[in-house]
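One structure is given here, and the rest of the page talks about it.
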Amino acid sequence: MRLLHGRPVAERVNARTKERIAALAARGITPTLDVLRVGNDPAAGTYLARLTKQADHLGLTVNEVLLPPSEADIITHLGLRTKHAHGVLLLTPLPAPLEETRITEHIPPAKDVEGVHPESVGLLTLGRPRFIPSTAQAVLELLRFYEIPLDGTRAVVIGRSPVVGRPAATLLLHAHATVTLAHSRTADLASHTRDAQLIVVAVGKRAFLRGDMIAAGATVVDAGINVTPSGVAGDADESVAAVAGALSPVPGGIGAITTALLLRNVVTAAEEQR
């Protein structure tokens, strides 16, 4: 079984990003990201810590903005207090009863570095993306780096979130895979996954995908982040490693790539807004 480590992919992305940041610095521009945080989701906190650390290393500025769980306050902030930032990231999930879709449409499209504004979603669907959700794009970057065949591949994406499952399925379709988009309520999920050559799992449930649910030799990309007392765990059970032909570990898989791509998007936004 081959492990698909994300570090070499992230290092390649970051090397080019650092060059672009240096070019902006020569013009007196420092790419800046505002991260809006509502509530205290552990996975979101883990992601923010990793994002801030990498940004400091590359030379970007990340501003954490703590906001109350009020739709009106968040929308007001998005409209009036993000003008100095090149990129805006709204950490999810949001605490109930806040609705992500009602809030993300107020993110300025030119600063929507996570690709969640309806305009960004539409452009991705049409195959003309401006900004792509970083975790979904990380899945494709990882597969291409390790030269995993996609053209004609039978793929199952488990999870329908707007930042991972749905955009990952769209990207795989654009790469000419034959894609089934499943989720936690799909009837007889194993009947779909056992027929797949590629499985992307992103449901946010530890050990959700088991070894008896996949075909021997299948490629599994684990996009789950579950904060446990013993550390961060993915959505794939330990039994998957005994059956899969290739597996992205958690930690050590797509997390570093996700961070690198999000920061690359901030640099792109800074270049376009300069």
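For the numbers below, each heavy atom of this structure counts, side chains included, while hydrogens, waters and symmetry mates do not.
- The main-chain N or O of T82 is never found under 3.5 Å from a side-chain atom of D34 such that the two would form a donor-acceptor pair.
- Of the residues listed (H57, Q54, K18), the one engaging L263 in a side chain to side chain contact (heavy atoms under 4.5 Å, CB included) is Q54, and it is the only one.
- Without hydrogens or angle criteria, D112 side chain to P108 main chain gives no donor-acceptor distance under 3.5 Å.
- For the pairing with I199, the side chain to side chain contact (heavy atoms under 4.5 Å, CB included) check across V240, V221, L209 returns one residue only, L209.
- In terms of modelled atom types and a separation under 3.5 Å, the side chain of D235 and the main chain of V203 share a donor-acceptor contact.
- Residues F208 and V156 share a hydrophobic cluster, clusters being chains of Ile/Leu/Val/Met/Phe/Trp/Tyr side chains in contact below 4.5 Å.
- The closest donor-acceptor contact from the side chain of T193 to the backbone of I214 lies at 3.5 Å or more, if one exists at all.
- Minimum interatomic distance between A244 and V220 (heavy atoms only, all atoms of both residues): CB-CG2, 4.2 Å.
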Q: Could you walk me through whether R160 and S184 pass side chain to side chain donor-acceptor pair (under 3.5 Å), step by step?
A: CA-CA 9 Å; R160 51 184 169 179; S184 59; 5.4 Å; no
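- Checked by atom type, the side-chain pair T259/R50 shows a donor-acceptor distance below 3.5 Å.
- Taking each heavy atom of A155 and L172 in turn, the nearest pair found is CB-CD1, 4.3 Å.
- For Q197 (side chain) and R154 (main-chain N/O), a donor-acceptor pair under 3.5 Å exists by modelled atom type.
- Using modelled atom types and a 3.5 Å distance limit, the side chains of S248 and D222 yield no donor-acceptor pair.
- Nearest heavy atoms, F131 versus S120: O-CB, 4.2 Å.
- Taking every heavy atom of both residues into account, A270 and L24 meet most closely at CB-CD1, 4.0 Å.
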Q: Apply side chain to side chain contact (heavy atoms under 4.5 Å, CB included) to R144 and L140, showing your working.
A: CA-CA 6 Å; R144 286 174 174 145; L140 272 291; 4.0 Å; yes
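- Closest of all the heavy-atom pairs between P133 and L124 is CD-CD2, 4.3 Å.
- Scanning both residues, A182 and L189, for their nearest heavy atoms gives CB-CD1, 3.5 Å.
- Side chain of H86 to main chain of T32: a donor-acceptor pair is present (N/O by atom type, distance under 3.5 Å, no hydrogens or angles).
- Judged by distance alone, the side chain of T76 and the main-chain N or O of A72 form a donor-acceptor pair under 3.5 Å.
- Judged by distance alone, the side chain of R102 and the main-chain N or O of E71 form no donor-acceptor pair under 3.5 Å.
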Q.
Between V250 and I225, does the side chain to side chain contact (heavy atoms under 4.5 Å, CB included) criterion hold? Intermediate values first, please.
A. CA-CA 8 Å; V250 178; I225 299 179; 5.6 Å; no
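- Heavy-atom neighbours of R130 CZ from other residues, nucleotides or ligands within 6.0 Å: above the threshold of 12.
- For the residue pair E114 / S134, a side-chain donor-acceptor distance below 3.5 Å is found, with atom types taken as modelled.
- K111 contributes no side-chain N or O that, together with a main-chain N or O of A269, makes up a donor-acceptor pair within less than 3.5 Å.
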Q.
Determine whether T61 and D56 satisfy the following criterion, side chain to side chain contact (heavy atoms under 4.5 Å, CB included), listing intermediate values before the conclusion.
A. CA-CA 7 Å; T61 297; D56 288 342; over 6 Å; no
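- Panel note: side chain H5, backbone R7; no donor-acceptor pair is recorded below 3.5 Å.
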Q) L91 and V38: side chain to side chain contact (heavy atoms under 4.5 Å, CB included), yes or no, with the steps? A) CA-CA 7 Å; L91 286 181; V38 185; over 6 Å; no
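- Between the side chains of S239 and D237, at least one donor N or O lies within less than 3.5 Å of an accepting N or O.
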